[in-house]
Amino acid sequence: MSKTGYTSNEMMVITASRFLKNDAVVFIGIGLPSLAANLARKLHAPNISMIYESGTLDTKPDRPPLSIGDDELSRKALSIVSVPEMFRYWLQGGRIDIGFLGAAQIDRFANINTTVIGDYNYPKIRLPGAGGATEIAGFCTHTLVMLQQTSSNFVNTLDFISSVGFGKEGNSRPKLGFTGKGPQAVITDLGIMEQSPETKELIMTHLHPGVSVEQASESTGWPLKFAESIKTTTVPLEKELSLLRKLEKMMK
Amino acid sequence: MSKTGYTSNEMMVITASRFLKNDAVVFIGIGLPSLAANLARKLHAPNISMIYESGTLDTKPDRPPLSIGDDELSRKALSIVSVPEMFRYWLQGGRIDIGFLGAAQIDRFANINTTVIGDYNYPKIRLPGAGGATEIAGFCTHTLVMLQQTSSNFVNTLDFISSVGFGKEGNSRPKLGFTGKGPQAVITDLGIMEQSPETKELIMTHLHPGVSVEQASESTGWPLKFAESIKTTTVPLEKELSLLRKLEKMMK
Amino acid sequence: MTEFLSLREAVQKYVKPGISVAMEGFTHLIPHAAGLEIIRQKIHNLSLIRMTPDIVYDQMIGMGCADKLMFSWGGNPGVGSLHRLRDAVENNYPHHIEINEHSHAAMANAYVAGASNMPCAIFKGYRGTDYPGVNSDIRFISCPYTGETLTVVPAIKPDLAIIHAQRADKHGNIWMKGIIGIQKEALLAARQSIVTVEEIVDQVNEKQGGTVIPRWAVNVVCCVPKGAFPSYTEGYYNRSNDFYVRWDEISRNRQRFLDWMDRFVLSTIDFSEFMLKLEKQGYV
Amino acid sequence: MTEFLSLREAVQKYVKPGISVAMEGFTHLIPHAAGLEIIRQKIHNLSLIRMTPDIVYDQMIGMGCADKLMFSWGGNPGVGSLHRLRDAVENNYPHHIEINEHSHAAMANAYVAGASNMPCAIFKGYRGTDYPGVNSDIRFISCPYTGETLTVVPAIKPDLAIIHAQRADKHGNIWMKGIIGIQKEALLAARQSIVTVEEIVDQVNEKQGGTVIPRWAVNVVCCVPKGAFPSYTEGYYNRSNDFYVRWDEISRNRQRFLDWMDRFVLSTIDFSEFMLKLEKQGYV
């Protein structure tokens, strides 16, 4: 914890949770996205439908799950569907509003690598792979990307394109036939990035309290642009922070 | 009922039931096939698995159902699956041993018409159509066809090929890529037909007691051939008849 | 958000002349009440879609609601012909209807494709049959690995799906149990959906088995008790096999059919009055 | 007919060097006991298939059982990397393994195709990604109706599927409940199948929900209580999140891993002794 009274991870989770509206149908991976969705559900979005890749439609866990296969998720689900049904009817079928994505690398057009660092055949680091992310990125109406902002994560050129954000030139989605609109925001520990309608690349539209433009620039592997009127993210509210910490404690 | 003490329908059903072995997985339509399968299960094949197109896997109705959607079938099923699963995993997946087929017309190569009498676009009689029969005919390991033998049913040329028996020349199955071997027998009110290994067409191998070769010939729309040593079907046994009648009474 | 409407309101709002409508129910949970309400509201020029059109489509076709019919088996199950469907196809009465005929496997795969947002489905159907000669929608492609010829059919994507289910909860989540048929796929393949249910309860779940369809895939819920009659709703009432048999006699003759429809459907204000009248006349 | 064998007998009879094996379990009901028995019997040259290889495949790969791996997400769920898988891919230790990498959607569709006796599956995957460049199994075709480019993947048809379930009845019918994942498709896609279960009961059915797989799709049933540990079996025991965390430390170092496997797996005669030893050492 820093002198601000909250950690950068907490800032990320709280920022993400604010993006989730009450009626949203949200496709969630484990970790920070799961915390963000559970936080939103307990705060301002009680009717949110949480969908985990393992097959649980509209689950209402009492505690945030430890993995997407946590038995808490299946016990509290409205419906459990098979993996083919999840990927065919619900995801490719275009029935999910928001999908969360993580990344090992991201480029200026919000394309994502979760596959490999280095050469595919002779990898420096073999990552787990994309799993469901490739199609989450394509077929959820919107996506939210969450990751730490460093110059080695935010790169000029991805080692491997695992999932498409806005495509190679920043405008490939229509010709790829995706039903989804792509990343609504990239939420980092430093602020929020969104697509610029002009340059089609990610620009910094919000900085978290206390984060400087220089710090954000140095933590990005390409010449980062900023919105003309850059905003400061609202500092975490007391009720957000205390509930988030309660949720995290339940996971121990 | 004739002077033989049983009807020709009863003879057909009992003959069909004798084809069903104890471990058979049988795909059943309503009517005579359903009676035959239920009879076999109560007599010599207690472990038979009865599958109805409506989605019931291994159902054990106390009374023969009145339609494939009879609630008795779903109450007594080991498992109920969706229609897509039935046709994809179980039928096309090649997991059914025997499928029953009915017909409005059949040709010498056991191809079947259940679609239309007359021209397709200006039909004399519009029949219900093939439903599941097209793929039952293709993908069950064996099929059993049951229908009344008359010269207007057993025709030279079908008005419409709804389901394939042995194909146009009697040997098309391998090139059609079917997993099933085709009709094991065509069971009529006059006897049993099976495919001749030489001519590839249906020949009469059994006649029911009291049926003459002339009668069978006259009731067939093509020059019917007979097996060299034609056999007489075993007369219905008392226990077969009494049980069948009990089953039929339960359907009233 | 799922709306809760009366069946009359739901049909008024969603069933427009010219749209394609899939009213599915594979031997169970057939949405009869909805069909009768469409007849009552005299909505015509519909493209009807259903694997197993039975009495309810026979009624709609006989009353002139349909311009087109996509189907795979059109009979009165366990009884025989659909006389109104036959009269339309054989004699263009009350008018010509365009037929788009498939096999069960084709329609099942095509609904799955629709629910999956695919433009088409592949399977191994129709081999050696005359279907491809009468239905130009049936195409073939080669498997890129084995060279095997595979059959292609276009996805079914109805403008509207109408199904019947046991229960909805107060949020609009749907619970159905028993033979599930193709209803879930039909609903998910459609652009909009109406679900009639036996009752509305506080909560539904899968603990006692069955299938739950989440509220966000459902546009309208209508509470219509007995809404599947003469078909059945498992756990509520059995199939009226007797009515299926009687339909054969009612529908065989044009005038007899029209009189019956006038008396029982057009002269009743809704499904509950229809059922009451049937009961009084000894049909139930 | 379904056979009832001990897990040792089942593995001896069905797991032959060189075959392809799918041991599925999507976060739930993972057939861990079966994986350890394959390691105990030192069966090598396997083509392993699994959407989400986790600890059990990490163990098999680390012990040299696998020549190939088809997968779509290879990590320790909620924890991080699979160190034995990484060591094989990054450093060819204990030997080179051939990777066939897909997305979840691709493998799910490919299993469905396998279960449906199709040679391939079509879907809308991989668009705009680098997968097609590293996996030549990924092909494309045009939709014959819309011209849209669709992705094709070959069907998965394993020689053998191994899954874990809650119960079998005495005839070999299988009952599973909770998160069902891809197990039914894996079993039906495979030429042969082994199912380990928590217990064998007189009768199974769907009345209380869940899925039943009929006996005639199952070759062997083995009763292996706790057989999914450290994964879970709904209704029997919870996931040992703790063991997944400890596996990170055990597997990080080659020698530490080999010592651990020797001590707990190779030196125990079966899964129940393995579990006993784990308990004694405070792992459970």
Side-chain angles (χ1 to χ4, degrees), chain A residues 30-31 52-56 65-75 77 80-88 91-92 111 113-116 118 120-135 137-139 158-164 167-168 172-173 176-179, chain D residues 24-28 30 51-52 71-82 85-86 88-90 99 101-109 111-112 115 123-131 133-134 148-149 177-185 209 211 231-232 234 237-239 241 244:
Chain A
I30 225 61
Y52 288 83
E53 195 171 67
S54 49
T56 55
L66 296 160
S67 95
I68 57 162
D70 201 306
D71 40 280
E72 177 77 2
L73 294 175
S74 94
R75 268 199 300 268
I80 299 175
V81 301
S82 71
V83 165
E85 176 173 333
M86 181 60 85
F87 279 93
R88 289 144 58 105
L91 190 54
Q92 188 175 276
N111 304 305
N113 173 18
T114 49
T115 303
V116 75
Y120 184 83
N121 291 309
Y122 305 96
K124 210 155 76 187
I125 302 173
R126 174 64 229 199
L127 302 164
T134 300
E135 284 82 20
F139 297 101
L158 299 178
D159 290 345
F160 189 95
I161 302 178
S162 314
S163 312
V164 172
K168 280 189 178 162
S172 315
R173 292 192 73 88
L176 292 173
F178 288 138
T179 51
Chain D
E24 284 291 351
F26 203 86
T27 73
H28 176 214
I30 300 169
M51 293 183 65
T52 51
F71 77 109
S72 44
W73 192 86
N76 183 340
V79 180
S81 285
L82 291 178
L85 168 59
R86 280 187 59 182
V89 175
E90 295 171 10
I99 289 292
E101 184 169 4
H102 280 287
S103 71
H104 278 353
M107 284 191 73
N109 278 287
Y111 271 123
V112 168
F123 72 121
K124 295 194 175 188
Y126 292 131
R127 296 170 172 193
T129 73
D130 283 341
Y131 280 92
V134 299
E148 183 178 0
T149 299
K177 188 168 186 180
I179 290 174
I180 175 83
I182 192 72
Q183 287 101 299
K184 186 172 181 174
E185 285 75 17
T211 299
S231 149
Y232 74 107
E234 190 172 312
Y237 46 92
N238 286 343
R239 187 176 194 262
N241 291 307
Y244 279 85

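Because only heavy atoms are used, hydrogens play no part in the values below, and waters and symmetry mates are left out as well, while side chains stay in. Predicted, not measured: the structure shown is a model, and the values here were computed from it. Below, chains carry the letters A, B, ... as their sequence lines are ordered, and counting in each starts from 1.
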* D:Phe123/A:Gln92 under side-chain contact (heavy atoms from CB on, under 4.5 Å): CA gap, chis, key distance, verdict -> CA-CA 9 Å; D:Phe123 72 121; A:Gln92 188 175 276; 3.7 Å; yes
Side-chain contact test, heavy atoms from C-beta onward, threshold under 4.5 Å: evaluate it for [X] versus [Y] and give yes or no.
| X | Y | value |
| --- | --- | --- |
| A:Tyr52 | D:Ile179 | no |
| D:Lys124 | A:Phe139 | yes |
| A:Pro84 | D:Ile182 | yes |

Give, as side chain, backbone, both or neither, the part of [X] having an atom under 4.5 angstrom from any heavy atom of chain D.
| X | result |
| --- | --- |
| A:Tyr122 | neither |
| A:Val81 | backbone |
| A:Leu91 | neither |
| A:Thr134 | side chain |
| A:Glu53 | both |
| A:Ile161 | both |

Can you tell me which portion of [X] sits under 4.5 Å from chain A's heavy atoms? Options are side chain, backbone, both or neither.
| X | answer |
| --- | --- |
| D:Ile99 | side chain |
| D:Asn241 | side chain |
| D:Phe71 | side chain |
| D:Val89 | both |

What option among A:Ala137, A:Ser82, A:Gly138, A:Gly55 has the most heavy-atom pairs under 4.5 Å with chain D?
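Option with the top pair count is A:Ser82.
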- Task: Please confirm whether the backbone N or O of D:Arg86 pairs with a side-chain atom of A:Arg126, one donor and one acceptor, at under 3.5 Å?
- Result: no
message: Tell me whether D:Glu101 contacts the main-chain N or O of A:Gly129 through its side chain, where contact means a donor paired with an acceptor under 3.5 Å.
response: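 Not confirmed, D:Glu101 side chain does not pair with A:Gly129 backbone.
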_Distance-only donor-acceptor check, side chains A:Ser74 and D:Glu234, under 3.5 Å_ = yes
Item checked: Check against side-chain contact (heavy atoms from CB on, under 4.5 Å), A:Val83 and D:Met51 -> CA-CA 10 Å; A:Val83 165; D:Met51 293 183 65; 3.7 Å; yes
OG of D:Ser81 to CG of A:Leu127, rounded to nearest 0.5 Å, is 7.5 Å
To the nearest 0.5 Å, atom CG of A:Leu158 lies from atom OG1 of D:Thr129 at 11.5 Å
Margin query: Is the distance from the ring center of A:Phe160 to that of D:Tyr131 below 6.0 Å?
Written below: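 Close enough - the centres of the two rings lie under 6.0 Å apart.
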In terms of heavy-atom pairs under 4.5 Å with chain A, the winner among D:Gly125, D:Gly78, D:Gly74 is D:Gly74
| A:Glu135 and D:Ser103: side-chain contact (heavy atoms from CB on, under 4.5 Å), yes or no, with the steps? | CA-CA 8 Å; A:Glu135 284 82 20; D:Ser103 71; 3.2 Å; yes
